Amino acid sequence: MTKVALDAKALSDVAIQGLQEVKGTNIVRMDLRDVDGAITDYFVLCTGTSDRHVQSLAESAEKFMRELAEEKPNTREGVRAGEWVLLDYVNVIVHIFQQSTREFFRLEDLWGDAGFERFEDLG
């Protein structure tokens with residue numbers, strides 16, 4: 001069986017499923033395809049309640065991407081500290097924050113020209 005490559009939006013959907021699986025909150029997909037200077041097609045942002053929750057969210061997103069899309073991140077940063085985890089899938093970058101870190105860096109404001117899609121909290 002030949003692997004079918006998913007487009008960037010479909011990949012971001014898989015990551016979002018993984019985040020929702022372990023009750024990630026305030027999930028936002030930012031469409032950066034038409035934003036000058038953007039380094040990726042989509043950002044997926046999510047908030048966790050503690051360092052352990054942030055780590056669990058990252059593990060779930062990685063599991064869903066590995067099992068449903070056969071993708072592994074090119075880079076993963078911040079997992080040990082659990083304040084801000086970055087999973088880089090080239091065309092999709094997943095950012096998982098604790099609330100205070102997300103408020104401090106304000107990626108939604110920095111990339112305000114992006115299209116925003118918010119997802120329901122399932123927890």
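The structure presented is a predicted model; accordingly, all values stated were derived computationally and were not measured.
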Note, Val54 side chain near Phe97 side chain (heavy atom, < 4.5 Å):
no

In this structure, CG of Leu107 is separated from CE of Met30 (nearest 0.5 Å) by 6.5 Å

- Step by step, would you call Asp121 with Lys23 a salt bridge (charged side-chain N to carboxylate O under 4.0 Å, His left out)? CA-CA 7 Å; Asp121 292 350; Lys23 298 178 175 54; over 6 Å; no

Fill in: side chain to side chain contact (heavy atoms under 4.5 Å, CB included) assessment of Arg118 paired with Asn26
CA-CA 7 Å; Arg118 299 187 186 284; Asn26 195 16; 4.1 Å; yes

- Could you tell me whether a side-chain N or O of Gln20 sits under 3.5 Å from a main-chain N or O of Leu122, the two making a donor and an acceptor? no

For a 4.5 angstrom cut-off between non-hydrogen side-chain atoms, does Asp13 reach Leu11? no

* Run the salt-bridge test on Glu71 and Arg66 with the 4.0 Å N-O cut-off and return the result as yes or no. => no

Do Ile93 and Val44 have side chains that approach each other closer than 4.5 Å (heavy atoms only, starting at C-beta)?
no

Rounded to the nearest 0.5 Å, the CD1 atom of Ile39 sits from the CG atom of Asn91 at a distance of 11.0 Å

Heavy atoms of Ala58 and Leu87 approach each other most closely as O-CD1, 3.9 Å

(message) So Glu120 and Ile27, do their side chains get closer than 4.5 Å, heavy atoms only?
(response) no

Going by heavy atoms in the side chains, are Asp88 and Arg76 under 4.5 Å from each other?
no

Under a 4.5 Å side-chain heavy-atom rule over Ile, Leu, Val, Met, Phe, Trp and Tyr, are Val22 and Leu68 clustered together? yes

Do Val28 and Phe105 sit in the same hydrophobic cluster, where Ile, Leu, Val, Met, Phe, Trp and Tyr count as joined when their side-chain heavy atoms come under 4.5 Å apart?
yes

Shortest non-hydrogen pair, Leu19 vs Cys46, comes out as CD1-CB, 3.8 Å

Scanning both residues in full, the closest heavy-atom pair of Gly18 with Ser60 reads O-OG, 2.6 Å

Across all chains, not counting sequence neighbours, the salt bridge (charged side-chain N to carboxylate O under 4.0 Å, His left out) partners of Arg33 are Asp31

Scanning both residues in full, the closest heavy-atom pair of Arg106 with Glu103 reads CG-O, 2.7 Å

Separation between CD (Glu21) and CG (Leu57), nearest 0.5 Å, reads 11.0 Å

Would you say the side chain of Lys9 lies within less than 4.5 Å of the side chain of Tyr42, judging by non-hydrogen atoms? yes

Give a yes or no on whether Phe104 atom CZ has more than 12 heavy-atom contacts from other residues, nucleotides or ligands under 6.0 Å away. no

In this structure, CZ of Phe119 is separated from OG of Ser12 (nearest 0.5 Å) by 6.5 Å

### Task
Would you check if there is a donor-acceptor pair between the side chains of Glu83 and Thr101 at a distance under 3.5 Å?
yes

Q: Spell out, yes or no, whether Phe43 and Val35 are grouped together once hydrophobic residues are joined by side-chain heavy atoms under 4.5 Å, including indirect joins.
A: yes

Just so I know, are the side chains of Gln98 and Thr47 near enough to count as touching, which here means a heavy-atom distance under 4.5 Å? no

Do NZ/NE/NH1/NH2 and the carboxylate oxygens of Glu108 and Arg102 come within less than 4.0 Å? yes

Quick note, salt bridge (Lys or Arg N to Asp or Glu O under 4.0 Å) partners involving residues 36-55, not counting sequence neighbours, are Arg52-Glu59

Task: Asn74 atom CG: more than 12 heavy-atom contacts under 6.0 Å - done: yes

Give the cluster check for Val92 versus Phe116: same hydrophobic cluster or not, with ILVMFWY residues linked at side-chain heavy-atom distances below 4.5 Å.
-> no

In one Ile/Leu/Val/Met/Phe/Trp/Tyr side-chain cluster, 4.5 Å: Val79, Met65
yes

* To do: Step by step, work out the side chain to side chain contact (heavy atoms under 4.5 Å, CB included) result for Val14 and Leu6.
  => CA-CA 10 Å; Val14 172; Leu6 299 177; 4.1 Å; yes

